Amino acid sequence: MSEEKLYAVKNDEGEWADPGYTFGPGAWATSNKAEREAGAHAYGGHVVELIEKPNPEVVSKEEAKILDSAKTASYPANYISMHAHSDPGANGTSYDELRLMRALVNGYTVTEVKKYNVKVPHTDDSYFYKIDHETCNAADSFHIDLDRPEAKFTKLEIDHYHLQDYKKEEVTDDEQ
């Protein structure tokens with residue numbers, strides 16, 4: 001985004017001032033706020049600072065469900081805080097929590113998150129699976145169903161559990 005701010009004059013009817021201070025659909029914006037304030041004072045209206053629209057956050061289907069529920073919650077930020085699952089960041093705030101807060105404010109697009117089964121090295125048929133948020137373990141495919149959520153890792157989870165150096169097999173998640 002550009003760091004230079006732009007200012008325009010708008011009247012109470014929602015019309016914008018052009019270079020001759022005729023109000024209509026076209027806006028004339030400059031970086032000189034004092035000039036726009038003088039024009040607004042002389043011709044009516046008020047100064048509006050124009051900002052670029054931020055890019056929407058990319059979220060998973062599960063995160064979109066959290067955001068949709070947060071929109072109708074009495075305390076949206078609290079709802080997100082209670083439902084965001086991620087690594088704690090600085091001051092105990094979740095990185096995903098902050099990203100979800102930005103998504104709630106700036107908008108979001110939903111994307112399919114790729115998931116992988118991660119193979120245990122030097123084995124024929126063993127894969128990693130999640131026990132909890134801090135621990136993962138290994139088992140052969142006879143003891144762990146590779147279609148279960150515990151056996152499917154996102155790229156973020158692969159990094160979190162330090163499994164990035166192991167062979168990954170992309171899987172489809174039909175439950176979503």
Side-chain angles (χ1 to χ4, degrees), residues 1-8 27 29 31 48-176:
M1 280 190 215
S2 171
E3 293 300 318
E4 184 176 18
K5 295 179 182 180
L6 293 175
Y7 302 93
S31 59
V48 176
E49 180 182 335
L50 304 176
I51 60 170
E52 292 181 49
K53 181 179 177 182
N55 291 330
E57 292 288 330
V58 177
V59 300
S60 68
K61 286 182 180 180
E62 294 85 9
E63 291 170 326
K65 288 177 186 175
I66 293 171
L67 291 167
D68 290 343
S69 296
K71 288 178 188 177
T72 59
S74 297
Y75 301 99
N78 188 45
Y79 186 90
I80 289 173
S81 181
M82 296 300 292
H83 292 85
H85 305 286
S86 180
D87 298 328
N91 301 325
T93 303
S94 167
Y95 292 116
D96 270 358
E97 181 179 341
L98 294 175
R99 190 173 54 76
L100 291 176
M101 296 287 190
R102 282 193 306 271
L104 187 65
V105 173
N106 298 334
Y108 56 93
T109 58
V110 181
T111 186
E112 205 58 49
V113 176
K114 290 184 181 179
K115 294 189 180 177
Y116 304 87
N117 293 131
V118 181
K119 194 158 177 39
V120 176
H122 311 295
T123 64
D124 291 330
D125 196 28
S126 291
Y127 293 85
F128 289 101
Y129 64 95
K130 298 170 271 192
I131 294 175
D132 58 32
H133 188 63
E134 296 299 321
T135 312
C136 70
N137 205 348
D140 60 43
S141 60
F142 297 110
H143 292 99
I144 181 71
D145 181 0
L146 295 178
D147 289 330
R148 294 197 38 88
E150 298 86 31
K152 295 179 183 180
F153 293 82
T154 65
K155 288 225 184 242
L156 286 173
E157 290 172 328
I158 287 169
D159 290 342
H160 171 73
Y161 292 107
H162 306 287
L163 302 174
Q164 56 270 46
D165 294 334
Y166 303 121
K167 182 179 177 188
K168 296 171 274 307
E169 298 171 354
E170 187 174 338
V171 295
T172 57
D173 199 352
D174 297 330
E175 297 171 12
Q176 293 186 357

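Here the structure is a predicted model, which is why all the values come from computation and not from measurement.
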When Y129 is tested against each of D145, L146, V118, N137 for side-chain contact (heavy atoms from CB on, under 4.5 Å), which residue passes?
-> N137
Side chains of Y108 and V58: does their closest heavy-atom pair fall under 4.5 Å?
-> no
With the side chain counted from C-beta on, respond yes when L67 and L100 share a heavy-atom pair under 4.5 Å apart, and no when they do not.
-> yes
Identify the two heavy atoms, one from A70 and one from P76, that lie closest to each other, and give their separation to 0.1 Å.
-> O-CB, 3.3 Å
Would T111 and S60 satisfy side chain to side chain contact (heavy atoms under 4.5 Å, CB included), going step by step from the backbone distance to the final call?
-> CA-CA 5 Å; T111 186; S60 68; 5.9 Å; no
Closest contact, heavy atoms only, N106 versus N55 = CB-O, 4.4 Å
For Y127, does its backbone N or O pair with a side-chain atom of N117 as donor and acceptor, under 3.5 Å?
-> no
Rounded to the nearest 0.5 angstrom, the NZ-CD1 distance for K71 and I66 is 13.0 Å
Supply the atom-to-atom distance D68 CG to K61 NZ, rounded to the nearest 0.5 angstrom.
-> 13.0 Å
Verify the distance criterion only: is there a donor paired with an acceptor across the side chains of D132 and T135 at less than 3.5 Å?
-> yes
Is there a donor-acceptor pair closer than 3.5 Å between any side-chain N or O of H83 and the backbone N or O of Y79?
-> yes
Gap between atom OG of S126 and atom NE2 of H143 - 0.5 Å precision = 10.0 Å
Smallest separation among heavy atoms of A151 and I144, with atom names = CB-CG1, 4.2 Å
Verify the distance criterion only: is there a donor paired with an acceptor across the side chains of E157 and Y116 at less than 3.5 Å?
-> no
Under 3.5 Å donor-acceptor, S69 side chain and K65 backbone | yes
Is the Y166-F128 ring centre distance short of 6.0 angstrom?
-> yes
Please test R102 against V105 for side chain to side chain contact (heavy atoms under 4.5 Å, CB included), starting from the C-alpha separation and ending with a verdict.
-> CA-CA 5 Å; R102 282 193 306 271; V105 173; 5.9 Å; no
Carefully, step by step, assess E49 and L6 under the rule side chain to side chain contact (heavy atoms under 4.5 Å, CB included).
-> CA-CA 6 Å; E49 180 182 335; L6 293 175; over 6 Å; no
Side-chain donor/acceptor of K119 to backbone N/O of T123, under 3.5 Å = yes
Under 6.0 Å from the CG atom of D124, do we count more than 12 heavy atoms belonging to anything else shown?
-> no
Measure the CD-CE distance between E97 and M82 for me, rounded to the nearest 0.5 Å.
-> 10.0 Å
Exceeds 12 heavy-atom contacts within 6.0 angstrom, atom CD1 of I51 = no
Can R99 and E63 be counted as an ion pair, charged N to O under 4.0 angstrom?
-> yes
Flag, side chain of K130 to backbone of K152, donor-acceptor distance under 3.5 Å | yes
Would you mind checking if K115 and E170 are paired as a salt bridge, meaning a charged N to carboxylate O distance below 4.0 Å?
-> no
